[in-house]
Amino acid sequence: MEFLTIIQVLDSTVRLATPLLLACLAGLFSERAGIFDIGLEGKMLMAAFLSAAVAAVTGNVWLGLLAGIASSLVLAGLHGVASITFRGNQLISGVAINFLAAGMTVLIAQDWFQQGGRTPSLLREGRFGGLELPFAIGPSDAEAAGRPLSELIAEAGMFQQVYSELLSGHSILVYAAFLAVPLTWWVLFRTRFGLRLRAVGENPAAVDTAGVSVVGLRFAAVAICGLLCGIAGAYLATALQAGFVKDMTAGRGFIALAALIFAKWRPWHAMGACLLFGLLQAVALRFQNIELGSVTIPVQVMDALPYILTVVILAGFVGKAIPPRAGGEPYVKER
């Protein structure tokens with residue numbers, strides 16, 4: 001395999017891992033605070049629809065991003081009210097959000113745009129474009145040279161290929177997602193807010209005894225979860241693709257949950273797990289059939305690899321993963 005081909009597969013890995021990473025960090029904040037959230041899929045789906053719809057109508061991708069985040073925050077608020085205020089079952093609340101988003105997005109999209117439950121294809125101003133880093137070979141160089149960008153990168157040296165193909169050319173949301181990893185680590189493990197957030201997921205009674213609001217901390221975690229899911233959904237519809245289609249999240253919310261368990265609720269490990277899932281998806285897209293000696297692995301098996309790995313992780317074959325002790329349990333203040 002050529003060096004440039006490997007770099008291109010890794011480049012696809014980064015792009016495909018971005019929504020998983022954002023959703024995984026969203027689940028990390030929520031579950032560290034003791035609120036299980038299997039509604040990541042629904043929040044991403046609703047955010048993808050509204051961001052694409054608003055971007056298509058206004059022609060402004062930033063307004064689309066804000067709309068996607070707002071819709072995700074509304075669903076996060078519903079989950080918070082159901083699981084924190086009314087102490088309902090967190091799993092049922094998450095499932096309800098997933099069903100609600102799957103139905104509402106198609107229904108509203110059909111009524112709004114009359115295109116079979118999808119939004120119009122986004123034009124240039126309605127999408128997040130790639131950022132060209134300094135000294136990288138980008139579209140502007142290809143336009144000036146009058147040659148395809150792929151040819152210019154193929155003729156460059158190895159360092160320039162890595163810099164131009166792998167590091168440069170991503171949308172701003174990709175860089176934001178990977179910068180969110182050290183930020184999440186710093187917030188959770190180096191700030192008072194993070195210490196209290198982790199404590200409320202382990203022993204909310206002790207946090208309450210110290211005079212800190214358990215309800216406030218859990219709502220804050222749920223809100224951060226909604227914010228990150230909103231960015232993930234907007235990235236899917238306005239950066240990775242050019243519009244919304246039915247069920248476009250394709251189980252990424254559940255894969256993110258599997259990655260969270262695989263990472264054992266740690267930010268840096270979550271990034272590694274999401275990159276692994278992204279790599280499997282990138283390989284499936286790049287190589288339709290893989291020949292191993294006399295055996296040919298069909299494309300259907302390659303497409304199913306991320307979901308097979310998800311089942312393996314959820315079945316517990318990757319080792320013991322201990323969730324936050326108070327996870328999934330509503331807190332009842334003692335009188």
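Between the side chain of Ser30 and the backbone N or O of Ala26, no donor-acceptor pair lies under 3.5 Å. Side-chain atoms of Tyr163 come within 3.5 Å of backbone N or O of Pro134 as a donor-acceptor pair. A donor-acceptor pair under 3.5 Å is formed between the side chain of Asp141 and the backbone N or O of Gly138. Thr119 places a side-chain N or O within 3.5 Å of a backbone atom of Phe244 that can act as its donor or acceptor partner. Of the possible donor and acceptor atoms, none in the side chain of Tyr331 sits under 3.5 Å from a partner among the backbone N and O of Asp208. In this structure a side-chain-to-backbone donor-acceptor pair under 3.5 Å is present from His79 to Phe36. No donor-acceptor pair under 3.5 Å is formed between the side chain of Ser93 and the backbone N or O of Asn89. Ser72 places no side-chain N or O within 3.5 Å of a backbone atom of Gly68 that could act as its donor or acceptor partner. Using modelled atom types, no side-chain atom of Arg196 and backbone atom of Phe193 make a donor-acceptor pair closer than 3.5 Å.
For Gly243 against Met248, the heavy-atom pair with the smallest separation is O-CE, 3.5 Å. In terms of heavy-atom proximity, Ala263 sits nearest to His269 at CB-C, 3.4 Å. Contact detail for Leu152 and Ala145: the closest heavy-atom pair is CD1-CB, 4.4 Å. Contact between Gly216 and Ser213 at its shortest, heavy atoms only, is N-OG, 2.9 Å. Taking every heavy atom of both residues into account, Pro324 and Arg32 meet most closely at CG-CA, 4.0 Å. Looking at every heavy atom in both residues, Ala223 comes nearest to Leu73 through O-CD2, 3.3 Å.
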Handout entry: Trace of the side-chain contact (heavy atoms from CB on, under 4.5 Å) decision for Leu195 with Thr191
Key = CA-CA 6 Å; Leu195 175 63; Thr191 67; over 6 Å; no

Problem - Pair Phe113-Arg118, side-chain contact (heavy atoms from CB on, under 4.5 Å): steps then yes or no - result: CA-CA 7 Å; Phe113 299 105; Arg118 57 191 300 161; over 6 Å; no

Exercise for the section: Could you walk me through whether Leu20 and Gln281 pass side-chain contact (heavy atoms from CB on, under 4.5 Å), step by step? Expected result: CA-CA 11 Å; Leu20 298 177; Gln281 291 180 329; 4.3 Å; yes

Problem - Ile7/Ile153 under side-chain contact (heavy atoms from CB on, under 4.5 Å): CA gap, chis, key distance, verdict - result: CA-CA 11 Å; Ile7 296 301; Ile153 293 179; over 6 Å; no

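In this structure the side chain of Leu65 reaches within 4.5 angstrom of the side chain of Ile69, judged on heavy atoms. Here the side chains of Glu31 and Leu257 are in contact, with some heavy-atom distance below 4.5 Å. Within the 4.5 Å cutoff, side-chain heavy atoms of Ser171 are placed close to those of Val174.
Under the 4.5 Å side-chain heavy-atom criterion for Ile, Leu, Val, Met, Phe, Trp and Tyr, Trp62 and Leu123 are members of distinct hydrophobic clusters. Leu28 is connected to Phe262 through a chain of hydrophobic side-chain contacts under 4.5 Å among Ile, Leu, Val, Met, Phe, Trp and Tyr, so both are in one cluster. Clustering ILVMFWY residues whenever any of their side-chain heavy atoms sit less than 4.5 angstrom apart, transitively, puts Leu10 in the very cluster that holds Leu21. Linking Ile, Leu, Val, Met, Phe, Trp and Tyr residues whenever their side-chain heavy atoms come within less than 4.5 Å leaves Ile92 and Val95 in two separate clusters. Under the 4.5 Å side-chain heavy-atom criterion for grouping Ile, Leu, Val, Met, Phe, Trp and Tyr, Val162 is not connected to Leu149 through any hydrophobic cluster.
Atom CZ of Arg266 sits in a crowded spot, with more than 12 heavy atoms from other residues, nucleotides or ligands closer than 6.0 Å. Heavy atoms of other residues, nucleotides or ligands lying less than 6.0 angstrom from CD of Gln114 number more than 12. Enclosure of atom CH2 in Trp112 by more than 12 non-hydrogen atoms of other residues, nucleotides or ligands within 6.0 angstrom is indicated. Applying the 6.0 Å contact sphere to OH of Tyr175 captures more than 12 heavy atoms from other residues, nucleotides or ligands. For Ile172, the CD1 atom counts as loosely surrounded, since its 6.0 Å shell holds 12 or fewer non-hydrogen atoms of other residues, nucleotides or ligands.
Results of the side-chain contact (heavy atoms from CB on, under 4.5 Å) test with Pro19 over Ile255, Leu173, Leu236 single out Leu236 as the only residue that passes. For the side-chain hydrogen bond (donor to acceptor under 3.5 Å, both in side chains) with Gln8, the qualifying choice from Arg286, Gln161, Glu165 is Arg286, the only one to do so.
Note: Ile35 CD1 to Arg218 CZ = 4.5 Å, rounded to the nearest 0.5 Å. Residue Leu16 holds its CG atom at 6.0 Å from CG of Leu240, rounded to the nearest 0.5 Å. How far CD of Glu132 is from NE2 of His170: 13.0 Å, rounded to the nearest 0.5 Å. Separating the SG atom in Cys274 from the CG atom in Leu279 is a distance of 12.5 Å, to the nearest 0.5 Å. Leu22 CG to Cys225 SG: the interatomic distance, rounded to the nearest 0.5 Å, is 11.5 Å. With rounding to the nearest 0.5 Å, the separation of CG in Leu166 from CG in Asp11 is 6.0 Å.
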Below 3.5 Å, can you tabulate the donor-acceptor pairs from side chains in residues 38-59 to any protein atom, sequence neighbours excluded?
residue	atom	partner	partner atom	Å
Glu41	OE1	Arg252	N	3.2
Glu41	OE1	Gly253	N	2.6
Glu41	OE2	Thr249	OG1	2.7
Glu41	OE2	Gly251	N	2.9
Lys43	NZ	Asp37	OD1	3.1
Lys43	NZ	Asp37	OD2	2.5
Ser51	OG	Ala47	O	2.7
Ser51	OG	Ala48	O	3.0
Thr58	OG1	Val54	O	2.6
Thr58	OG1	Asn60	N	3.2

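Using a 30° and 60° split on the angle between ring planes, Trp185 and Phe189 fall in the tilted class, from 30° to 60°.
A salt bridge links Glu155 to Arg147: one of the charged nitrogens lies within less than 4.0 Å of a carboxylate oxygen.
Taking the six-membered ring wherever Trp is involved, the centroid distance between the rings of Phe29 and Trp265 does not fall below 6.0 Å.
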